[in-house]
Amino acid sequence: MSPPVPAGRDRLRIAIQKNGRLAEPARALLASCGMSWRESRDRLFCYGESLPVDLLLVRDDDIPGLIADGVCDLGIVGRNVMAEQDGARRASGAAPAFREWRALGFGDCHLALAIPEGEAWESPAQLSGKRIATSYPALLSEWLAREGVQAEVVLLSGSVEIAPRLGQADAICDLVSSGATLAANQLKPVVTLFESEAVLAGPMQDLDAARGELVELLLRRLDGALRIRNSKLLLFQARRESLPELLPLLPDAEAPTVMQVDGADRLALQVLCHGHLTWQRLEDLKRAGAMGLMVLPVEGMLA
Ligand code: ATP
Ligand code: ZN
């Protein structure tokens, strides 16, 4: 059964990481949805000024539990933390108490199995009887069970990557983004167990009416902010006959606004592109006949 949401609170409360990789991008994303706050002296609570939406600044590991207990309505946390705690709940027979409401497109990383650089990798079967250090015992155990491998899971809360050198483990299962930390510890990734990014987490059920409306407003703004994250407005001129070659080069573009330029054999185009615009792509557009190409940032969009 889902936990009850405490009644009588008409402000929304969002938990975000206090310090760490997701702290700043989470705040920046919420600020881009028009929120501003007054911070408490102890930096644990931010009172929402522009909207009745407050922030609780906590350790990322606490966020799913705060949602499960109804202390916070929403949270911004790595999908890895959600999945690990969900797995632990499942293993203990508890019902799911939080779910992913939106993927947020930052904090990308993956949970990888890594072994010492000098060792050959053939298959998961070679881990049989070995010790694997991790801070993600539930996700690792689920993967081992799926692969039919019996290995010892060594639980470490930090510095997992030095465990093989300290003789604490034969392999590790840890979060990786660039892979630089693994390489610095003479380890190589061999299997990806789980792909992660920051997510907006919320309860399994909808919120009550007062906060439900606020959540809808927030989600509308959030979806707008996510949609324009990489978006650019392109302005350029072109001859009509260049369009068949030009238009397919525009990355994830909306329908262009096309205007006739008075007294010239040209069209002026205005196109919103959501895909990544590289220098290479801009040069391709110029070669295909785009003239006076201008790329403008998009600050806001309401669908
Ligand atoms: P806290 O003090 O809040 O417990 P932490 O040390 O557990 O912080 P961080 O290292 O700040 O957490 O990582 C927060 C999240 O950032 C991770 O759970 C993960 O989703 C994401 N992340 C992205 N890249 C990496 C990476 N290379 N290593 C670890 N986490 C990463
Ligand atoms: Zn943590």
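Whatever order the structure lists ligands and atoms in, that order sets their numbers, starting from 1.
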**Complete:** The answer for which part of D108 has a heavy atom under 4.0 Å from ligand 1 is backbone
**Request:** Indicate, as side chain, backbone, both or neither, the part of V77 found under 4.0 angstrom from ligand 1 when only non-hydrogen atoms are considered.
**Result:**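 No part of V77 comes within reach of ligand 1.
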**Asked** With respect to R211, which candidate in D206, D73, D10 satisfies the salt bridge (charged side-chain N to carboxylate O under 4.0 Å, His left out) definition?
**Response** D73
[atom] [closest protein heavy-atom partner, distance rounded to 0.1 Å]:
atom	value
atom 24 (N) of ligand 1	C109 CB, 3.4 Å
atom 31 (C) of ligand 1	R21 CD, 3.4 Å
atom 18 (O) of ligand 1	N80 ND2, 2.9 Å
atom 14 (C) of ligand 1	D60 OD2, 3.5 Å
atom 2 (O) of ligand 1	R59 NE, 3.5 Å

**Complete:** Between A133 and V160 the two heavy atoms that sit nearest each other are O-CG1, 3.4 Å
**Message:** If you compare all heavy atoms of I76 against all heavy atoms of I63, which two are closest, and at what distance to 0.1 Å?
**Reply:**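 In terms of heavy atoms, the two residues are closest at O-CD1, 3.4 Å.
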**Item:** Within 45° cone of Y47 ring axis and under 6.0 Å: R11 NZ or CZ
**Value:**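 That pair qualifies as a cation-pi contact.
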Near [X], which atoms of ligand 1 are under 4.0 Å from a heavy atom of that residue?
X	value
V81	18 (O)
S177	24 (N), 26 (C), 27 (N)
L22	15 (C), 16 (O)
G78	20 (O)
Q17	1 (P), 3 (O), 5 (P), 8 (O), 9 (P), 11 (O), 12 (O), 14 (C)
G20	11 (O)

**Same apolar cluster: L233 and L246, side chain cutoff 4.5 Å** =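 Looking at the clustering, L246 is in a separate group from L233.
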**Asked** Should R79 be counted as touching ligand 1, given the test is an N or O pair under 3.5 Å?
**Response** no
**Asked** Any salt bridge between D223 and R102, counting N to O under 4.0 Å?
**Response**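 Looking at D223 and R102, the cut-off is met.
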Is it true that a side-chain atom of [X] and a backbone atom of [Y] form a donor plus acceptor pair closer than 3.5 Å?
X	Y	value
E84	A138	yes
Q85	P64	no
R13	V71	yes

**D61: its N/O/S atom lying closest to the Zn ion (ligand 2) (atom name)** = OD1
**Prompt:** Among the N, O or S atoms that D60 has, which is closest to the Zn ion (ligand 2)?
**Reply:**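 It is OD1 of D60.
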**Steps toward side-chain contact (heavy atoms from CB on, under 4.5 Å) verdict (R239, D265)** = CA-CA 7 Å; R239 294 187 196 288; D265 171 29; 3.3 Å; yes
**Prompt:** Are any non-hydrogen side-chain atoms of L267 and Q237 less than 4.5 angstrom apart?
**Reply:** no
**Request:** Please indicate, with yes or no, if any protein heavy atom is found under 4.0 Å from atom 6 (O) of ligand 1?
**Result:**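 So far as the 4.0 Å threshold goes, atom 6 (O) of ligand 1 is out of reach of every protein heavy atom.
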